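On a predicted model such as this, the values are computed, not experimentally measured, just so you know. Remember, it's 1-based here, ligands and their atoms both numbered in the order they're listed.
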Amino acid sequence: MPLVHFFETSFGRTYDRRIILARVEDEDGFEGWGECTCGEMPAYSEEWTDSCWETIEKILVPMVIGKEFEKATDVWWLMRKVRGNRMSKATLETAVWDLEAKKLNVPLWRHLGGVQKEIDCGVSIGIQDSVEQLLEKIQTEIDAGYKRIKIKIAPHWDYEVIKTVRETFGDILLTGDANSAYSLDDIELFKRMDKFDLMMFEQPLSHDDISDHAKLQKEIKTPICLDESICYPDDVRKVLEFEACKIINVKLGRVGGHAQARVIEKMCREAEIPIWCGGMLEAGIGRAHNIAMSTLAGFTLPGDVSASLRYWHEDIIEPEVKVSENGTIKAPENAGIGFEIKRDRIDNLTVKKSEIEANNM
Ligand code: OSB
Ligand code: MG
C-alpha cells in the first residue's frame, strides 16, 4: 500500500508498506483479523515483513492452529517456546482476540477491559525535505484538531528545527522522537533542548538500552519516554527501578499482543507512569486494534493513533478511522474490532497468500 506521504525517521524513509494480515477462524466459523506491525526493513526492530511471514507460517501457526484453548490470553503462552518475534506473535494473538470478542458479541475494547469511550489523538510527523514543509504539516494537523504534535528528530534535524517550531506555534504539546539516534555523548545537546519544554524526548538512546537512559534522565528536566526499549513487562519493572523514563509508549506489536499490553498497562497504572499508544503506520486492522487498546484506563496521554486518510487514499476497513475536530476517536460499538473488513480491497492488494487448515498439520 503506497503511503499518501513518505514517512522518514532517523533510520530511513518509507514510501510503500508491505503488510501481513492474519485471518483466523474457529470451529464454529467465527473469524478474527490481525495485522503485523513490522517494517519493510529490520530497522525499528529485528523483525521485518519477509521474516515475519516465515515465522508466522512455519513456526507460530503450528503452535496455535487446531489447539483447544479457553481464552485469547492463552495464545501468548501457546507460543512461549519461541523467543522474541513479538510482532509475529501479536499478528496471530490479536486476530484471536478479535475472534473471541466477535464470538461473545462485544466490542473488543470492552472485552479487553477498556473504559474510555473516546480516545485522545496526536500525530507523528516524519522528517521532511525542508523546515517550511514541516511547519505546513504541523499547521494542517493543528487545524484538524490533533491534541499533540510529535516530530521526528535526528542529528541533522533537532535543535534548530524544534526552536523554529516553538517560535512558530508557541505553547502546543510537542514531542521529539529520536528512534535511538543519539548517545550519551549528546548529553549537552539534550540539556540545551530542555528549554524548549517538550512533553517528552522519545527513545533518544540505543534501542535496547535502559541504563544510559537513566543517566540521561538524571541530567535533564524533560521527561524521557521509552518506545523501542520496552519489550516485556520485566522491562517496565527495570525502567521504574532505575528511573530511566517518566513516560512509556506501548505498541501492540512490540510487546507481543493484547495480553502482554494489558499486563504492562496495569503495571504502569499502578506505578502512576503515564502511557500512550504508539503507531507503526498501520492499515485499518492494526489501527482498529490500537484504538481498542487505547481505551484501557492507563492510556492517559494522546497516542499516535490518527485518521486513516493521513496514511491511505483508501483504507482496508469500513468506515475508515475518523478523528473528531476535538482530536478524538470514538471507540466503535460493533463486535470485535468494530470495523468491516473490505475483503475485495484486500484481495486486490494481495501478492501472497497462505491458507492453513488444522487437519493438514
Ligand atoms: O517510533 O513511533 C515510532 C513509525 C514507524 C516506526 C516507528 C515509529 C513510527 C511512528 C509513526 O512514529 C506513528 C504512526 O503514525 O503510525
Ligand atoms: Mg517511537
Any nitrogen or oxygen of Ser124, side chain or backbone, less than 3.5 Å from one on ligand 1?
yes
Identify the closest protein heavy atom to atom 16 (O) of ligand 1: which residue and atom is it, and at what distance?
Leu281 N, 2.9 Å
Using distance alone, decide if ligand 1 has a nitrogen or oxygen within less than 3.5 Å of any nitrogen or oxygen in Phe7.
no
Please verify whether a non-hydrogen atom of Lys150 lies at under 4.0 Å from ligand 1.
yes
Proximity flag Lys251 to ligand 1, non-hydrogen atoms under 4.0 Å:
yes
For Glu100 and His258, does a side-chain donor sit closer than 3.5 Å to a side-chain acceptor?
no
Arg192 charged N/C atom sitting above Tyr159 aromatic ring, 6.0 Å / 45°
yes
Of all the N, O or S atoms in Asp177, the one nearest to the Mg ion (ligand 2) is OD2
Within 45° cone of Tyr232 ring axis and under 6.0 Å: Arg86 NZ or CZ
yes
Lys152, any N or O under 3.5 Å of ligand 1 N or O
yes
For atom 6 (C) of ligand 1, grab the closest protein heavy atom and report residue, atom and distance to one decimal in Å.
Met280 SD, 3.6 Å
Listed by chain and number, what are the salt bridge (charged side-chain N to carboxylate O under 4.0 Å, His left out) partners of Glu202, not counting sequence neighbours?
Lys150
What do the steps show when you test Arg254 against Glu228 for salt bridge (Lys or Arg N to Asp or Glu O under 4.0 Å), and what is the final call?
CA-CA 8 Å; Arg254 197 194 64 225; Glu228 284 91 327; over 6 Å; no
Name the closest protein heavy atom to atom 13 (C) of ligand 1, giving the residue it belongs to and the distance to 0.1 Å.
Gly279 O, 3.4 Å
What are the atoms of ligand 1, with element, lying closer than 4.0 Å to any heavy atom of Asp227?
1 (O), 2 (O), 3 (C)
Would you say Thr9 touches ligand 1, if touching means a heavy atom closer than 4.0 Å?
no
State whether Glu228 contributes an N/O/S atom found under 2.8 Å from the Mg ion (ligand 2).
no
Tell me, please, whether Phe196 has Arg166 positioned over its six-membered ring: NZ or CZ under 6.0 Å from the ring centre and within 45 degrees of its axis?
no
Considering only heavy atoms, does Asp177 approach ligand 1 within less than 4.0 Å through its side chain, its backbone, both, or neither?
side chain
Looking at atom 14 (C) of ligand 1, what's its closest protein heavy atom, distance included?
Tyr311 OH, 3.3 Å
I need the minimum non-hydrogen distance between Phe69 and Val96, along with the two atoms involved.
CE1-CG1, 3.9 Å
Between Lys102 and Glu31, is there a salt bridge with N-O shorter than 4.0 Å?
no
Is Glu228 close to ligand 1, meaning an N/O of one under 3.5 Å from an N/O of the other?
no
Which atom name would you report as the N, O or S atom of Asp227 nearest the Mg ion (ligand 2)?
OD2
Between side-chain atoms of residues 269-276 and protein atoms elsewhere (two or more places apart, or another chain), which donor-acceptor pairs fall under 3.5 Å?
unit_1	atom_1	unit_2	atom_2	d
Arg269	NE	Glu265	OE2	2.8
Arg269	NH2	Glu265	OE1	3.1
Glu270	OE2	Lys266	NZ	3.1

Is the terminal nitrogen or CZ of Lys89 (NZ for Lys, CZ for Arg) located under 6.0 angstrom from the six-membered ring centre of Trp76 and within 45° of that ring's axis?
yes
Asp315-Ser308 side chain donor-acceptor pair, cut-off 3.5 Å:
yes
Quick look: Asn179 vs ligand 1, heavy-atom contacts under 4.0 Å, and the answer is side chain
Please name the pair of heavy atoms, one in Thr14 and one in Glu40, separated by the smallest distance, quoted to 0.1 Å.
CG2-OE1, 3.7 Å
Could you identify the N, O or S atom of Glu202 positioned closest to the Mg ion (ligand 2)?
OE2
Would you say Asp304 reaches the Mg ion (ligand 2) with an N/O/S atom under 2.8 Å?
no
